[in-house]
Q: 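Just passing along the structure, written as structure tokens.
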Amino acid sequence: IKFIEMKKLSFQICILLIIVNVSLSQAPDLVIELFRHGARAPTSNTYDKTWKSSETGELTALGMRMHYLLGKAVRYEYTQKYGPDFLPTTYNSSLIYARSTDLNRTIMSAYAHLYGLFEGDGLNLTSHVSTELTKPPFNKKLVDDITKSLDSYTAVPYNVLPVPVHVVPYASDSVLAADANCNNRKKWESDNQNTAEFQKMWNSFQSTIEDINSRNFSITDWNTMHKFCDTVICNYYQNKPLPGGIIPNSSLFHNITFMFSWFIAYTSSAQPIQTQTLPVGLYNYLLDQITMVKNGSSQIKLMVLSAGDTTLMSFLTPFKVVTPQCLYQNYLSMNEKGELIDKTCVYPWFGSNIKIEFYNTETPYLLFYYNDNPIKICGNSYECTYTQFSQLIHTVTNGNTMKEYNQNCQNNPSPSSTIFTNIFILNLILFGLLITVIFGLVKSLRKPKKKDIDTEIYSTSSIAYIN
């Protein structure tokens, strides 16, 4: 009997622990995904003419699949952990928001990602909707024939759900393309190529450069090396032959991929002004979105942001997650021991992603993940309170705002602000002219009589004489 009672007690304790565990597993109030686009073609076909000029820089089929899988995995992870109601089963504009840089590869990656998130969650036509009302005013016979091939209930075949992706013109995107919109960026990067540290690293890979040039290439500087490395990496992802017969995963291949990652990381962050300026727009945007959820002025539950590798680096580097220093230490460790010292210090290759989870509890806090691995932003704790995160942003950017961003970048005022200023000045001039004309008319209407004029002259001359 005692054994049975103990068994019952153990069972009750287990149930209690499960209930406690479930209650402690609070769902985040906001999830922000910031990811790099999927695999693409190289930005230049200089080192592999098998790429068509029309393909350069564009997302490939592999890149599309990459983000479809990521979107699918994200949905599965959160619905499994917090229940099927964590994300809506269909698009809801008040809960879901997607934004991309104004580049084909990032926009297409966002669409593929969203398709994975909402696959099969498309809308259905209601039973009382007339088929005739679905037909657009176009070639009637053609539209009728197409309609016959469709089922009568899904809005779009295969229940595809078109989810809007918002885009800001590339030339004015200071959030996801801040580096491209900074006039001083190229100057800073050029200056960094002239530092002793850059030259030391470049010289240490002379044997690698010589090996590449022995394959009928001409690598003379970082610009030509950048294009070559980009082609090697893109071909690797597509399982295409690498330029010059380079063998995938050989020591030469690993040297090339390291050089690509280190030199980009170094040239884009070696000067404090770069890490204090370039992330300002992104950090402020993220903090604004989190603040609105915290204050109840936004209901957004999932935010999807599609960008490039330098955007992810601008987020990670100031927080010391991925830096030139840790990339080099990992490279040395891989060569010596075959393992990474810091597993979170990895360059953001295609499909890399950052997740930010915001929990609006009594003391609001955030959790950060890089490629699904938790990362420490605030000291030794994975948790970062809202206040800590806000203060940390202020610290790493040296308190810079968008005003300092534009000043440091030496950006000209936007065309709209210039036009507004010019219109204001023109209106001010016209107003001044109008006042002058009105004053002149009033004065002429009140012109004094001759007697008054003589008196006025006499009085004036008398005063002048006395003085």
Q: If only atom types and distance count, is the side chain of T56 paired as donor or acceptor with the main-chain N or O of S44 below 3.5 Å?
A: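 Checking the backbone N and O of S44 against the side chain of T56, no donor-acceptor pair under 3.5 Å is found.
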
Q: With sequence neighbours left out, which residue pairs that include part of residues 240-277 fulfil the disulfide bond (SG atoms under 2.5 Å apart) condition?
A: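 Those involving residues 240-277 do not exist here.
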
Q: Rounded to the nearest 0.5 Å, how far apart are CD1 of I209 and CG of D221?
A: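 Result: 9.5 Å between the selected atoms.
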
Q: My understanding is that only one of D145, D144, N139 makes a side chain to side chain donor-acceptor pair (under 3.5 Å) with K141; could you say which?
A: D145

Q: Regarding E404 and T401, do their side chains bring together a donor and an acceptor under 3.5 Å, going by distance alone?
A: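 Yes.
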
Q: For Y285, check ring-ring contact (aromatic ring centres under 6.0 Å, His included) against everything at least two apart and list the hits.
A: none

Q: How many angstroms lie between CG in N45 and SG in C234, if you round to the nearest 0.5 Å?
A: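 One gets 12.0 Å once the value is rounded to the nearest 0.5 Å.
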
Q: Could you check whether any side-chain heavy atom of N371 comes within less than 4.5 Å of a side-chain heavy atom of N353, counting everything from C-beta outward?
A: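 Yes, their side chains come closer than 4.5 Å.
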
Q: Taking C-beta and beyond as the side chain, do F35 and V304 meet within less than 4.5 Å on heavy atoms?
A: yes

Q: Quick test of your reading of the model: are E189 and K186 salt-bridged, counting only N-O distances below 4.0 Å?
A: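 Looking at K186 together with E189, the answer is no, because their closest N to O distance does not fall below 4.0 Å.
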
Q: In chain order, what residues pass the salt bridge (Lys or Arg N to Asp or Glu O under 4.0 Å) check against R215, with sequence neighbours excluded?
A: D211

Q: Tell me whether the centres of the aromatic rings in Y236 and F350 are closer together than 6.0 Å.
A: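 So the answer is no for these two rings.
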
Q: Can you find a heavy atom in the side chain of F315 that is under 4.5 Å from one in the side chain of Y370?
A: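 The answer is no; the side chains never approach within 4.5 Å.
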
Q: So, taking the atom named OH in Y170 and the one named OG in S100, what distance separates them when rounded to the nearest 0.5 Å?
A: 10.0 Å

Q: Just checking, is any N or O donor in the side chain of N408 or Q276 under 3.5 Å from an acceptor N or O on the other one?
A: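 Per modelled atom types, N408 and Q276 side chains form no pair under 3.5 Å.
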
Q: Would you say the side chain of L176 lies within less than 4.5 Å of the side chain of L305, judging by non-hydrogen atoms?
A: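 Counting from C-beta outward, L305 and L176 do come under 4.5 Å.
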
Q: Taking atom NZ of K227 as the centre, report whether more than 12 heavy atoms of other residues, nucleotides or ligands fall under 6.0 Å from it.
A: no

Q: Restricting to pairs with a member in residues 149-184, which pass disulfide bond (SG atoms under 2.5 Å apart), not counting sequence neighbours?
A: C182-C409

Q: Using atom types as modelled and distance alone, determine if a side-chain donor or acceptor of S109 lies under 3.5 Å from a backbone N or O of R105.
A: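 Yes.
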
Q: Do any N or O atoms from the side chain of S306 and from the backbone of T106 form a donor-acceptor pair under 3.5 angstrom?
A: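 Checking the backbone N and O of T106 against the side chain of S306, a donor-acceptor pair under 3.5 Å is found.
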
Q: Are any of the side-chain heavy atoms of T277 and W188 separated by less than 4.5 Å?
A: yes

Q: Side chains of N104 and E58: do they bring a donor and an acceptor to under 3.5 Å?
A: yes

Q: Could you measure the distance from the CG atom of N330 to the CG atom of N335? Nearest 0.5 Å is fine.
A: 11.0 Å

Q: State whether the side chain of Q274 and the backbone N or O of T267 hold a donor-acceptor pair below 3.5 Å, judged by distance alone.
A: yes

Q: With no hydrogens and no angle check, is any side-chain donor or acceptor of T397 less than 3.5 Å from a backbone partner on V280?
A: no

Q: Kindly state whether the ring of H226 and the ring of F263 have centres lying under 6.0 angstrom apart.
A: no

Q: Is the shortest side-chain heavy-atom distance between N235 and Y47 below 4.5 Å?
A: no

Q: Considering only NZ, NE, NH1 and NH2 on the basic side and carboxylate oxygens on the acidic side, decide whether E77 and K81 come within less than 4.0 Å.
A: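 No, this pair does not count.
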
Q: What's the spacing between F198 CZ and W262 CH2 if we round to 0.5 Å?
A: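 Between F198 CZ and W262 CH2, I get 7.0 Å after rounding to 0.5 Å.
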
Q: What is the ring orientation for Y78 with F86, classed by angle as parallel under 30°, tilted 30 to 60°, or perpendicular over 60°?
A: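 Judged by the thresholds at 30° and 60°, the geometry between Y78 and F86 is parallel.
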
Q: Quick one about T385 and T363 (side-chain donor to acceptor, distance below 3.5 Å, no hydrogens or angles considered), yes or no?
A: no

Q: Any heavy-atom pair between the side chains of L103 and R40 that's under 4.5 Å?
A: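 Of all side-chain heavy-atom pairs linking L103 with R40, none is under 4.5 Å.
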
Q: Return the set of residues passing ring-ring contact (aromatic ring centres under 6.0 Å, His included) with F205 (not counting sequence neighbours), or none when no residue passes.
A: F258, Y331

Q: For the residue pair Y68 and H113, is the inter-centroid distance of their aromatic rings smaller than 6.0 Å?
A: no

Q: Got a sec, which residues hit ring-ring contact (aromatic ring centres under 6.0 Å, His included) with Y91, two or more places apart in sequence or on another chain?
A: none

Q: Would you mind reporting whether W349 and I233 have side-chain heavy atoms less than 4.5 Å apart?
A: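 They are in contact (side-chain heavy atoms under 4.5 Å apart), so the answer is yes.
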
Q: Rounded to the nearest 0.5 Å, how far apart are CG of L70 and CZ of R65?
A: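 The CZ atom of R65 is 13.5 Å from CG of L70, to the nearest 0.5 Å.
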
